[in-house]
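Contents: one structure, followed by commentary.
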Amino acid sequence: MDNAKKQLLGLSLDELREVARQLGMPAFTGGQMAKWIYGQHVRSIDEMTNISKQNRQRLAEEYEIGCADPVDAQYSADGTIKYLFPANTQQPTPNTHFVETVFIPDDDRATLCVSCQVGCKMNCLFCQTGKQGFQGNLTVADILNQIHSLPERDRLTNIVFMGQGEPMDNLDAVLRATEALTADWGFAWSPRRITVSSVGVKGKLKRFIEESECHVAISLHSPITEQRSMLMPANRAMPIEDVVELLRQYDFAHQRRLSFEYIVFGGVNDSTTHARELIRLLKGLDCRINLIRFHQIPNVDLHGADEDTMQRFRDYLTQHGIFTTIRASRGQDIYAACGLLNTKRGLTPDPSPKGEGGKK
């Protein structure tokens, strides 16, 4: 991507029409651009062959599509692929960084885990991305490029905003990206194929729920507020009780789904007391819980619970009325599993010596 040129990827239909108007082109040229970018996934303006050559040249003087191929890929023994994409962030300073995106095939489903920031401000104790610190918000084009330029794009059935970064901390870009993904002029996906996660950011979560129809996933990890604050410092600004109280104001009983992500740490948040507190906290809320295995990260004194504990915890919650599943762990051998994404040198070991995965 050329930093000197403006990007078309991520612009709405009205904004593309305005681009056309400013360049002296008919308004319908904006609709043509939208079809080429979002419908045909073109990679250069010159591919927009129903726009005159003169207008394409005029457009290319100031704009580019805004797409860029992944610069690296790592392949897991289980079929998961982790891609490294360039990202021209605008904060704190304009610079080229990189983000990781994970493609997860599973029989007739294929899920893409996309990133919305380089690093993260939330600094959750158990997350490698948080250890990286914060280096910038992704632009709308950066976010959409992870889909637009994915080699397996046409196989995708679901998208989850569960990669690097906190979506509510880059909410404007996330909302614009999900609009482009779901609008008729855009990728035309159903919002029910998209899930956006959050730790719960005051003010921002409410806005997302009201301005988007995508599924919502809350990173919970402990129902006890003092413990959650230790694991997730963001809990101090918006305690989990406040998050749940906000969620109770909206309807999740029909097509829109609400889920809670719960990493199970051995001897920390896996007791019957924790299960009972979860039941109390979520009583009457139409939701599900996804239990996640913890993947060890350097210099953090937390360990995953054993399989028997995971199953007992799941069964207890299910028996008490909360639909609960244990999420399959994917891509651990290439550091693509939950909490392991990181693009800062030295924080994540090179997985290629493991033999089963590695670079291609």
Side-chain angles (χ1 to χ4, degrees), residues 1 7-13 16 31-51 64-87 98-116 138-164 167 173-174 176-197 212-215 255 257 328 330-331 334 336 341 357 359-360:
M1 289 184 278
Q7 297 169 345
L8 296 174
L9 185 61
L11 296 185
S12 69
L13 177 58
L16 290 170
Q32 292 174 316
M33 285 190 279
K35 289 179 181 177
W36 283 114
I37 296 166
Y38 300 115
Q40 300 298 319
H41 308 292
V42 297
R43 303 187 61 76
S44 72
I45 289 170
D46 203 46
E47 293 178 70
M48 300 179 180
T49 52
N50 63 349
I51 299 175
E64 62 178 351
I65 299 298
C67 57
D69 289 328
V71 297
D72 192 20
Q74 293 179 339
Y75 295 76
S76 169
D78 65 20
T80 299
I81 307 173
K82 182 172 70 171
Y83 288 106
L84 188 69
F85 280 99
F98 298 92
V99 291
E100 293 183 325
T101 305
V102 183
F103 173 72
I104 310 166
D106 186 15
D107 295 329
D108 59 345
R109 290 170 57 91
T111 300
L112 189 69
C113 182
V114 302
S115 296
C116 62
L138 298 195
T139 64
V140 185
D142 289 331
I143 295 172
L144 292 177
N145 181 58
Q146 296 168 72
I147 301 144
H148 186 94
S149 298
L150 184 79
E152 297 82 7
R153 181 193 62 235
D154 294 337
R155 292 174 56 190
L156 290 178
T157 61
N158 299 86
I159 292 172
V160 295
F161 282 72
M162 296 183 183
Q164 291 175 273
V174 168
R176 286 174 60 89
T178 55
E179 179 188 13
L181 287 169
T182 58
D184 289 341
W185 52 259
F187 287 74
W189 275 44
S190 165
R192 307 312 181 210
R193 296 169 64 186
I194 302 169
T195 300
V196 179
S197 72
S212 170
E213 296 182 6
C214 297
H215 295 316
Q255 288 188 330
R257 187 173 65 240
R330 299 290 301 273
I334 57 168
L341 299 187
K359 299 180 181 180
K360 183 176 179 180

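When a residue number appears, it is its place in the shown sequence, counting from 1.
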With side chains defined as the heavy atoms from C-beta onward, is the minimum distance between [X] and [Y] less than 4.5 Å?
X      : Y      : answer
Thr178 : Phe161 : yes
Trp36  : Thr49  : yes
Gln32  : Met48  : no
Val160 : Ile104 : no
Ile159 : Gln146 : no
Leu11  : Val140 : no
Gln74  : Leu84  : no
Gln40  : Lys35  : no

Pair listing, salt bridge (Lys or Arg N to Asp or Glu O under 4.0 Å) test, anchored in residues 36-51, at least two apart: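 The answer is Arg43-Asp69, Asp46-Arg56.
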Could you report the tightest heavy-atom contact between [X] and [Y], atom names first, then the distance?
X      : Y      : value
Leu144 : Gly10  : CD1-CA, 3.6 Å
Leu156 : Arg193 : O-NH2, 3.1 Å
Arg257 : Thr195 : NH2-OG1, 3.9 Å
Glu100 : Gln164 : N-OE1, 2.7 Å
Gly66  : Leu9   : O-CD2, 3.8 Å
Ala34  : Leu13  : CB-CD1, 4.1 Å

Checking the side chain of Arg330 only, and the main-chain atoms of Asp78 only, is there a donor and an acceptor separated by less than 3.5 Å?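 At least one qualifying donor-acceptor pair exists.
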All side-chain hydrogen bond (donor to acceptor under 3.5 Å, both in side chains) counterparts of Trp185, not counting sequence neighbours: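 Partners of Trp185 by the side-chain hydrogen bond (donor to acceptor under 3.5 Å, both in side chains) criterion come out as none, since no residue qualifies.
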Show your working on side-chain contact (heavy atoms from CB on, under 4.5 Å) between Val99 and Asp142 and close with a plain yes or no. CA-CA 9 Å; Val99 291; Asp142 289 331; over 6 Å; no
Parallel, tilted or perpendicular: which one describes the rings of His41 and Phe187, with boundaries at 30° and 60°?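 Judged by the thresholds at 30° and 60°, the geometry between His41 and Phe187 is tilted.
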